Peer 1: 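Could you have a look at this structure, given as structure tokens, before my questions?
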Amino acid sequence: IGKNETPHTAVDIEISDDDFRRVALQAHGRDITFNKMVGLILKNGLKSSEHRFEHDPKSQLLNETK
């Protein structure tokens, strides 16, 4: 592992062909590898779930009044 690299764990996943294409197209659009794109998706999903866990799990309706 290089100086600025973090260790990674290999994970086998099964996704549909359609989901694979969608992730591959997103990776291509960002000019990164498929694996890097999957890593970003996982990180963002974890951040999102942590945010929901830290805040009230009940949905709230916020209305703006003028």
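Bear in mind the structure is a predicted one, so any value in this text is a computation, not a measurement. Sequential numbering from 1 along the given sequence is applied to the chain's residues.
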Peer 1: Does Ile32 belong to the same Ile/Leu/Val/Met/Phe/Trp/Tyr cluster as Ile13, with side-chain heavy atoms less than 4.5 Å apart forming each link?
Peer 2: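 Yes, it is one cluster - the side chains of Ile32 and Ile13 are joined through contacts under 4.5 Å.
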
Peer 1: Any non-hydrogen side-chain atom of Val38 less than 4.5 Å from a side-chain atom of Val11?
Peer 2: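 No. Closest side-chain heavy atoms not under 4.5 Å.
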
Peer 1: Do Leu25 and Ile15 share a hydrophobic cluster, counting only Ile, Leu, Val, Met, Phe, Trp and Tyr and linking them when any side-chain heavy atoms are less than 4.5 Å apart?
Peer 2: no

Peer 1: Would you name the heavy atoms of Val23 and Phe34 that are closest together and state the gap between them?
Peer 2: CG1-CE1, 3.3 Å

Peer 1: With a 6.0 Å cut-off (strictly less than), is the heavy-atom count around CG of Asp18, excluding the residue itself, greater than 12?
Peer 2: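 Counting neighbours around CG of Asp18, more than 12 heavy atoms of other residues, nucleotides or ligands fall under 6.0 Å, so yes.
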
Peer 1: To the closest 0.5 Å, what do you measure between CG (Leu42) and CE (Met37)?
Peer 2: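 With rounding to 0.5 Å, CG (Leu42) is 10.0 Å from CE (Met37).
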
Peer 1: Any non-hydrogen side-chain atom of Gln26 less than 4.5 Å from a side-chain atom of Ile41?
Peer 2: yes

